[in-house]
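I have a structure here, written as structure tokens, and I will follow up with some questions on it.
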There are 2 protein chains.
Amino acid sequence: MCKDVAMPTPPSHVVAVLALEPVVGFDLTIPPTVFGAATRADGTKLYDVRICGLELGAPVRASAGFSLIPDYGPEALAEADTVIIPGTYIPQPRHEGSLPDDLAKALDTIRPGTRIASICTGAFVLAAAGLLDGRPATTHWQRAQMFRDLYPQVKLDEELLFIDDGDIVTSAGLAAGVDLCLHLIRRDFGSEVANRAARHCVVPPWRDGGQSQFIERVVPDEGSEGTAPTRAWALARLDEELSLPAMAEYARMSVRTFSRRFKAETGQSPGTWLLQQRVRHACHLLETTDLSVDRVAESAGLGTAASLRHHLRSELGVSPLAYRKTFRTG
Amino acid sequence: MCKDVAMPTPPSHVVAVLALEPVVGFDLTIPPTVFGAATRADGTKLYDVRICGLELGAPVRASAGFSLIPDYGPEALAEADTVIIPGTYIPQPRHEGSLPDDLAKALDTIRPGTRIASICTGAFVLAAAGLLDGRPATTHWQRAQMFRDLYPQVKLDEELLFIDDGDIVTSAGLAAGVDLCLHLIRRDFGSEVANRAARHCVVPPWRDGGQSQFIERVVPDEGSEGTAPTRAWALARLDEELSLPAMAEYARMSVRTFSRRFKAETGQSPGTWLLQQRVRHACHLLETTDLSVDRVAESAGLGTAASLRHHLRSELGVSPLAYRKTFRTG
DNA sequence: CAAACTACTGGCCAAAATGCCAACATGTGT
DNA sequence: ACACATGTTGGCATTTTGGCCAGTAGTTTG
């Protein structure tokens, strides 16, 4: 936002964002926002982002409840250093690999060596164009099965936020596009710039920090392997004691191994995870029941109300009653 | 995305998003995306999101590099249960409180009791309309000073992601709008629905979990109070030992107090923070220098290369050399 | 004015997390 | 078959973490 900054020398790196009807509005606005926030320390912009359509001046329907008129037409693709395909409703390839003529023609104008990225279901377009054959890719997890059915030759892994395969980069749904853009900025200009952009976009404590996981688990793993069963087991008895050794025993692992694997799988240590689940459960109870604060604390395994109060305070910044008051749904 | 689901009974809750030229495209698309993802377990949508402009059919310029034509005109405001003002370039109130005629008139049609929310610099509009007088609010941190100068009567706190003051809710920049929408969904329909929406939007491990901090620190605190100086001091000597007692001593606090305040200020325990900084610094070195992996590990205070390898692996999922290869900028 | 309440501090200690190591697997090239 | 890299496991020792408690202000209330 608010990037009407002076631009002494025009940014050299051109990013073209191709809006294909009906385009997912959110995906479309991610690249201009994030790349637009990439500046040198002195404020000079580093990217020139161009929204383009298949026909200059023609309106494109966006899923978000409006139509848009891109500033550029398909010619922008030929001048781009990076081309980004935001999500669009899934193009149904009647014959595999077939694309609408104008789209196919437009894609053909992309210079060899241009970096191509997709957000969300934009990967379907890349796949239909044959660009992903035999390569790793990702897309929105809710469309993963459909993708696999349509394009079995693509190595889809919907568990990752995005996949960087050099000149082709695909990202998972919606918000993962932000990570993708930040990743590209980091690749192009380093962490400093990417971090500044992230801060500008108020991607807060989140993956702001910088490196953040540039590969990260998205889909919840509900397997019957590893620590997953133990987690389910623990969730069912949050009100009990649940010491680390007890959980390790249930998992039939040594405490050491259990801790290690737990952290590898969830990204949190067992204790932290457990506490989070307890607080979460307490919140749930506050929302959906009339139990007293004491009772809630007890049922969530947080012992006393004081303890609940403390954790709620530190995690959400509110007292239990305030929380209930705010979220109590009629 | 992809929410062309059957809609048996139309959603009852109407959300109107007012696009004011030049609108921040990203902010604008957040509400339709997030609210649009709010469904019952059976898939029925819960909100009817309407993008509207001040004049039906008139194009509105978006900062992202396109113009858009909203589906609705200003009449949508009168029918809304919730009105959202996305960011827009800052309206300069020549006389305090003065708004363009058409905007003022449009805002007047909002029914009393309607919930009004702003994203990013949308708060300037609410403030200019006098809706925030004497009330707490937030906006994009980069515009906080300007906001304070213009509207000293508003209790601005730019440290929070969003502020829920009942019928008026304001949120910080850009991505914080996602949190705001999720918060409103949670208020309206509970955690389950909000969580499902978050998952759909691939707001991953982030604040997905649900409650997440519905108040959270955004702006980095670089003061000369509390543990901040100690953190700076620690950053300058990451290659040394830096035990917890040592840091506490530097901070002139007991270990206990130091830990407590550290966590309160940073949201992390000292150890976790330190490790993260070390890894971060190691990444920086990998990016910008040719030091051997061993040397990098040493300079970052991670001891051996094995240790570095391990942490990089667990945080970013890559080996040190792979990281360097990916991010080494010409 | 005293009791009650809150906020902050620091000490103590049990529990948890984690670095390090040695013991095995498993796989790989010679 | 053998040396060797790679990955996993569990034990051990150490540090870190955080619950609990008591002491000390500063503030409010009866």
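All values derive from a computational prediction rather than experimental measurement. Here is the naming used below: chain letters follow the sequence lines, and residue numbers restart at 1 for every chain.
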Position toward the 5' end of DNA chain D (nearest nucleotide), A/Arg261 or B/Val255: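 Its nucleotide being nearer the 5' end, the pick is A/Arg261.
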
Any donor-acceptor pair under 3.5 Å from B/Thr170 side chain to B/Thr138 backbone: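 The answer is yes, because a donor-acceptor pair under 3.5 Å joins these two groups.
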
Rounded distance (Å) that lies between atom C1' of D/dC20 and atom NE2 of A/His311: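 Rounded to whole Å, this separation is 12 Å.
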
Positions of residues 291-310 of chain A (non-hydrogen atom under 4.0 Å from DNA chain C), listed by number: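 Correct list: empty, so none.
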
Side-chain touch B/Glu158/B/Gln142, heavy atoms, less than 4.5 angstrom: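 Contact flag for B/Glu158/B/Gln142 side chains = no.
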
Side chain to side chain contact (heavy atoms under 4.5 Å, CB included), paired with A/Thr227, selected from A/Arg260, A/Met253, A/Met247, A/Lys263: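 With A/Thr227 as partner, side chain to side chain contact (heavy atoms under 4.5 Å, CB included) holds for just one option, A/Met253.
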
Phosphate-side-chain proximity, A/Thr257 and D/dG10, N/O vs OP1/OP2 below 4.0 Å: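 Yes, A/Thr257 has a side-chain N/O under 4.0 Å of OP1/OP2 on D/dG10.
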
Flag, side chain of B/His140 to backbone of A/His200, donor-acceptor distance under 3.5 Å: yes

Earlier contact from the 5' end, DNA chain D, for B/Leu244 and A/Leu275: B/Leu244

Selected nucleotide, minimal atom distance to A/Ser254 side chain, candidates D/dT17, D/dG11, D/dG19: D/dG11

Atom-pair distance (CG on A/Leu274; P on D/dT17), nearest Å: 18 Å

Over 12 non-hydrogen atoms of neighbours within 6.0 angstrom of CD in A/Gln268: yes

Basic-acidic side-chain contact under 4.0 Å: A/Glu287, B/Arg186: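 Not counted as a salt bridge, because no side-chain N and carboxylate O are separated by less than 4.0 Å.
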
Electrostatic pair B/Lys155:B/Asp165 at N-O distance under 4.0 angstrom: no

Where chain B begins and ends its contact with DNA chain C, read 5' to 3' at 4.0 Å from heavy atoms: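 Listing 5' to 3', DNA chain C meets chain B from C/dT9 to C/dG19.
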
Close side-chain approach of B/His281 and B/Leu285, heavy atoms under 4.5 Å: yes

Under 4.0 angstrom between B/Lys263 side-chain N/O and D/dG18 OP1 or OP2: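 Yes, within the criterion.
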
Touch class at under 4.0 angstrom, heavy-atom based, for A/Arg260 against every strand present: base

Rounded interatomic separation in angstrom, taking CD from B/Gln268 and P from D/dT17: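 Rounded to whole Å, this separation is 10 Å.
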
Between D/dG10 (P) and A/Met253 (CE): distance, integer Å: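 The distance from CE of A/Met253 to P of D/dG10 comes to 8 Å, rounded to the nearest Å.
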
Nucleotide D/dT8, atom P - distance to CZ of A/Arg252 in whole Å: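 A/Arg252 atom CZ is separated from D/dT8 atom P by 22 Å.
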
Other residues, nucleotides, ligands: >12 heavy atoms within 6.0 Å of A/Arg237 CZ: yes

